[in-house]
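Have a look at the structure below, then the notes.
These numbers were taken from a predicted model, which means no experiment stands behind them. Throughout, protein chains are lettered first and strands after them, A, B, ... in sequence-line order, and every chain is numbered starting at 1.
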There are 2 protein chains.
Amino acid sequence: MSVTIRDVARVSGFSIKTVSNVINGHPQLRPETRQRVQDAIDQLGYRPNLSARNLRSGRSGVIGLIIPDLTTAYFAELADAVMRKAAAKGLAVLIEPIGSGRDNELAALSGKHRHMVDGIIYNALTLNAGDAELLRSVDTPLVVLGDTSFNGRVDRITMANTAGARAATEHLLAVGRRRILALGAHEGEIIAAAELRLAGYRQAVEAAGLTFDPDLVHYADSWHRRGGAAVMAKLLDDGLKFDAVFAFNDTLALGAMRVLQEAGVRIPEDVAIVGFDDLDETRYSLPALSTVNPRRDEIAEAAVDTLLRRIEGGSELEAHEIETGFSLEIRQSSGPVLTGAAGANTAA
Amino acid sequence: MSVTIRDVARVSGFSIKTVSNVINGHPQLRPETRQRVQDAIDQLGYRPNLSARNLRSGRSGVIGLIIPDLTTAYFAELADAVMRKAAAKGLAVLIEPIGSGRDNELAALSGKHRHMVDGIIYNALTLNAGDAELLRSVDTPLVVLGDTSFNGRVDRITMANTAGARAATEHLLAVGRRRILALGAHEGEIIAAAELRLAGYRQAVEAAGLTFDPDLVHYADSWHRRGGAAVMAKLLDDGLKFDAVFAFNDTLALGAMRVLQEAGVRIPEDVAIVGFDDLDETRYSLPALSTVNPRRDEIAEAAVDTLLRRIEGGSELEAHEIETGFSLEIRQSSGPVLTGAAGANTAA
DNA sequence: CTGAAAGCGCTTACAG
DNA sequence: CTGAAAGCGCTTACAG
């Protein structure tokens, strides 16, 4: 039914081996041979059968991306970035949205998808250092996205949580703010990013010669719009005074901003706000939200490259840990107080 | 290296054929045989090699989902729904975000992903009736998501655009609104949904004995927050009077709502708003947005089922066209005017 | 540079 | 119910 390499061989008059060489870009072929084989391929509309190739090579050309869900903007944008980088390397991506919770996250590691992919990029939220053994026992090449350290035993890509948070806070200090709320801390929390971002905030405050004030640190159950709105509503009720907010992610910032505006607080005149993640929508909020850009492109590229290295190098290879860079996107929510169009200034 | 069916046969003492029968749930096997084979499978940790199975069967167990992008909330939620329904049928989903524009959309049909999937769910925005021939020429089973009619020649799933829009408008009329803006029309537009939703709006208005007023119909370049904000800003500038807005999608509605609130217009007291899509975030906006729920779950299920039917039935099968249902989610933005918690009432 | 042949792991007629 | 064997389409030593 379908055209095979054998048909191409027959039509072109060359052997199967030669046809295979042409398909796989083998260098030592005389141009004329290559051309005649290519003509036969075009004429027949031949396409290599990937199942056969994979069976032979032991590779599928597909990598898995395990994330909690696809409907959270952060993960959707991450998945998009990973797909682009993977496509550039000739790989397809199979996304597995696993839901939240440690049980789901661990179960995904033994899911059946594992057997159709060459490797996995794994973004779990509940991993801890004690899981290193478990992760190493997975027999599929694996790269972890996240902030938990496994002491160099697992390939891992992290973002600049502390440095980014520090830069965001320093920016707020630089534009003259002194009582900066830290929004999104987690008490005794499994989410390592919260701790790291709080550390960056604290570093900036103390480096500026100010005293770190625990009264300015506030918790949020969930890092979503609703969480940001709820916390901010409570703080306004309590009559807390502040002139800036550093929210640990963008959706918290957007939720908080919304409540502030409802209450008649002007942004950035009365309160300046900076978020973290650089979600697409931060460009379109009113005012546009300043934020830390964790360079998802860089994260995606590092993840794909590290995974490929692991796939090709095997389990004996030493584990890599890569921390990606960041940039601070200064927009209206913390920018100079004037009426003008939104502008995204980038500072490293 | 890896465990094969041959190893299971050897360890269990049965033939390869019998092992295969057990793996594939063949009914006529005595329980004891089944058990002993299963024990060997468990003991060895055997997992079928999917490439081999696919090579043999001509199936991959993977379907493709072609969408413009993954960062638009609507498509992310659609992809999520499709993955869930596919998983329930034992299928994995390979998402291909193709970018916008007709060139990209057509190019995707000949993309190489096509050869690793058993079938494709295709959500293109720029298709027209003249593309039926092209779609039929694709040799991979295909289901189209969208509103363009191909006269029964291509499998297709559509949503209740007109009925949903009519219900939304009727609801606004029922709560006493008379000058209802239709936001998101497209002039001479390729996006069929805009036309269908406008038709539903018009039907409702005329059925109520009112005159359809073209001055209340407004265009939006893009169905995004920014588009909704821009149009609404202009209308306020122009001093147009209205007491309700039916926006053709949720992001338009959210953008418009934002601008209205900035201008001191109370929602729903002064202006009631209803959107379309039932995005997750409509539950969390302030006020929560009333919207038409196009039942993405139903769309996803219909798409997966129709695709499976096509994969199994071949190209001779008559084309199916399925229109899914909808529900109207009445929330605060158009609800009774009182101060209370958000509540999502569902009315069919 | 090229050809004939083995084998990746599975499923499925075919024969018993 | 079970076994021996063919073959899905490809790549790759091996021999020339």
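Using a 4.5 Å cut-off on side-chain heavy atoms (C-beta onward), B:Tyr46 and B:Asp7 make no contact.
By the side-chain contact (heavy atoms from CB on, under 4.5 Å) test, B:Thr72 pairs with B:Asp69, B:Tyr74, B:Phe75, B:His224, sequence neighbours left out. By the salt bridge (charged side-chain N to carboxylate O under 4.0 Å, His left out) test, A:Arg136 is found to be paired with no residue, residues two or more places apart in sequence or in another chain being considered. Residues satisfying the side-chain hydrogen bond (donor to acceptor under 3.5 Å, both in side chains) criterion with B:Ser57, sequence neighbours excluded, are absent altogether. Take B:Asp305 and apply the salt bridge (charged side-chain N to carboxylate O under 4.0 Å, His left out) test, not counting sequence neighbours, and it matches B:Lys89. Every residue two or more places apart in sequence or in another chain that forms a salt bridge (charged side-chain N to carboxylate O under 4.0 Å, His left out) with A:Glu298 is listed here: A:Arg295. Listed by chain and number, the residues in a side-chain hydrogen bond (donor to acceptor under 3.5 Å, both in side chains) with A:Asp155 are A:Arg310 (sequence neighbours excluded). The side-chain hydrogen bond (donor to acceptor under 3.5 Å, both in side chains) search around A:Asn54 returns none, not counting sequence neighbours. With sequence neighbours left out, the side-chain hydrogen bond (donor to acceptor under 3.5 Å, both in side chains) criterion links B:Asp39 to B:Gln35. For B:Arg56, the salt bridge (charged side-chain N to carboxylate O under 4.0 Å, His left out) criterion is met by no residue, not counting sequence neighbours.
Residues B:Arg309 and B:Glu318 are not paired through a salt bridge, judged by the lack of any N-O separation under 4.0 Å between the basic side chain and the carboxylate.
For the pair A:Leu55 CG and C:dG7 C1', the interatomic distance rounds to 9 Å; values are reported in whole Å. When the P atom of C:dG3 is taken as reference, atom CZ of A:Phe14 falls 8 Å away, rounded to whole Å. Between B:Arg10 atom CZ and C:dG9 atom P the separation is 13 Å, expressed in whole Å.
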| Which dot-bracket string describes DNA chain C (Watson-Crick N1-N3 plus N6-O4 or O6-N4, or G-U N1-O2 and O6-N3, all under 3.5 Å; [ ] crossing; | other strand)? | |||.||||||||.|||
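Taking 4.0 angstrom as the limit, B:Ser15 places none of its side-chain polar atoms (N or O) nearer than this to OP1 or OP2 of D:dA4.
Look at the C1' atom in both C:dT12 and C:dG16: the space between them is 16 Å, to the nearest Å.
DNA chain D is contacted by no residue of residues 30-37 of chain A, taking any non-hydrogen atom closer than 4.0 Å.
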| note | Under a 4.0 Å heavy-atom criterion, the protein footprint on nucleotides 10-16 of chain D, written with B, S and -, is BBBB---
